[in-house]
Amino acid sequence: MQISTSFLNSTNPAKDLKILNETDTDFIHVDVMDGIFVDGRTMPFKELRKIYKYTSKRLDVHLMVDNPKKLIPKYASLNVEYLTIHVESENVEENLKLIKQYAIKAGLAISPETKVKEIVPYLPLVDMILVMSVEPGKGGQAFISKTKSKIKEIKKLLKEYKSKAVISVDGGVNDQTKNECNEADILVSGSYILSGENYQERINNLR
Ligand code: DX5
Ligand code: ZN
């Protein structure tokens, strides 16, 4: 299991990124919010870019924005493994193609209330499905238990359409709820890891 650590709820991102750099977390999960797609808003790209110098980890960028087009080139310039947009956002196909132009992996996120069939048209363009196990917008929420069957459904769909996309689960993942995500490839976790005394121990518990 790969682990992607989210620092959305960090009170000191620079410090936490330095500590996480010494752990074996596979990725740093970067949540980006525009205040439209979700109520919350994250700091502007210019500010965020400054704190990325504290990490040499590959980034797993999650764009929770209505119109990702302008942000894609900006984030693609960083050390990115996955650049993810939402299936509920605008011009999905065009934006996935734009991500692929930068030769990075494209992710497609699906919110809890969205039907799995919505992702089907885009499967040939995606390398990762980000299954939201909380409503997008905030860290520290409780894991939605119907996610387990959703992961199963997505796994079946990927097989049916011969897609090699990996499955990542995002929101409320901890040492208990990870048991609902056995069929995933990547677990995104923020508050569970950052509320521990020892981040590496928490990461070990999730693997
Ligand atoms: C939710 C974000 C998640 C969140 C994960 O909108 O997309 O990435 O930060 O944090 P925890 O693990 O605290 O739910
Ligand atoms: Zn996220």
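When a ligand or atom number is given, it counts from 1 through the structure's own listing order. These values consider heavy atoms only, across backbone and side chains, with no hydrogens, waters or symmetry-generated copies.
For ligand 1, the atoms closer than 4.0 angstrom to any heavy atom of Gly140 are 11 (P), 13 (O), 14 (O). Per-residue contacts place Gly171 under 4.0 angstrom from the following atoms of ligand 1 (heavy atoms of the residue considered): 14 (O). For ligand 1, the atoms sitting less than 4.0 Å from at least one non-hydrogen atom of Met132 are 7 (O), numbered in the order shown with element in parentheses. Listed by atom number, the atoms of ligand 1 under 4.0 Å from Pro136 heavy atoms are 6 (O). Listed by number with element, the atoms of ligand 1 under 4.0 Å from a non-hydrogen atom of His62 are 7 (O). Remark: ligand 1 atoms within the under-4.0 Å shell around heavy atoms of Ser189 are 12 (O). For ligand 1, the atoms sitting less than 4.0 Å from at least one non-hydrogen atom of His29 are 8 (O), numbered in the order shown with element in parentheses. For ligand 1, the atoms closer than 4.0 angstrom to any heavy atom of Gly172 are 11 (P), 12 (O), 14 (O).
Closest N/O/S atom of Asp31 to the Zn ion (ligand 2): OD1. When you scan the N, O or S atoms of Asp170 for the one nearest the Zn ion (ligand 2), you land on OD2.
The residues Glu113 and Lys146 are annotated as salt-bridged, a charged nitrogen and a carboxylate oxygen being separated by less than 4.0 angstrom. Salt-bridge annotation for Arg202 and Asp175: absent, with no side-chain N of the basic residue lying under 4.0 Å from a carboxylate O of the acidic one. A salt bridge is absent between Glu90 and Lys69: the closest approach of a Lys/Arg side-chain nitrogen to an acidic carboxylate oxygen does not fall below 4.0 angstrom.
Rounded to 10°, the angle formed at the Zn ion (ligand 2) by NE2 of His29 and ND1 of His62 is 100°.
Using a 4.0 Å cut-off between heavy atoms, Ser6 contacts ligand 1 through its side chain alone, with no backbone atom that close.
Scanning all protein heavy atoms for the shortest distance to atom 13 (O) of ligand 1 gives Ser191 OG, 2.3 Å. Nearest protein heavy-atom neighbour of atom 12 (O) of ligand 1: Gly190 N, 2.8 Å. Given atom 2 (C) of ligand 1, the protein heavy atom at minimum distance is Asp31 OD1, 3.4 Å. Ranking protein heavy atoms by distance to atom 6 (O) of ligand 1, first place goes to Gly137 N, 2.7 Å. For atom 1 (C) of ligand 1, the nearest protein heavy atom (residue, atom name, distance) is Lys138 O, 3.4 Å.
For ligand 1, the polar-atom distance check finds no N/O of Gln141 at less than 3.5 Å from any of the ligand's N/O atoms. No N or O atom of Met33 sits closer than 3.5 Å to an N or O atom of ligand 1. Any N or O atom pair closer than 3.5 Å counts here, and Asn9 shares no such pair with ligand 1.
Judged by distance alone, the side chains of Thr42 and Asp31 never bring a donor and an acceptor atom under 3.5 Å apart. With no hydrogens or angles considered, no side-chain donor-acceptor pair links Tyr52 and Asn79 at under 3.5 Å.
Among Asp170, Thr84, Thr5, the one residue that satisfies the side-chain hydrogen bond (donor to acceptor under 3.5 Å, both in side chains) test with His29 is Asp170.
Contact annotation: the side chain of Lys105 never approaches that of Met128 to less than 4.5 Å [non-hydrogen atoms, C-beta and beyond]. At a threshold of 4.5 Å between non-hydrogen side-chain atoms, the residues Leu48 and Met43 count as touching.
The number of heavy-atom neighbours closer than 6.0 Å to CZ of Arg41, taken from other residues, nucleotides and ligands shown, is 12 or below. Remark: Lys100 NZ is packed, more than 12 non-hydrogen atoms of other residues, nucleotides or ligands lying under 6.0 Å away.
Atom 5 (C) of ligand 1 has its nearest heavy-atom neighbour, among Thr84, Leu187, Asp170, in Asp170.
Here the CD atom belonging to Glu153 is positioned 9.0 Å from the NZ atom belonging to Lys115, to the nearest 0.5 angstrom.
The two residues Val80 and Tyr75 make their nearest non-hydrogen contact at CG2-O, 3.0 Å.
Between His86 and His62, the ring planes lie parallel to each other; the angle is under 30°, not in the 30° to 60° tilted range.
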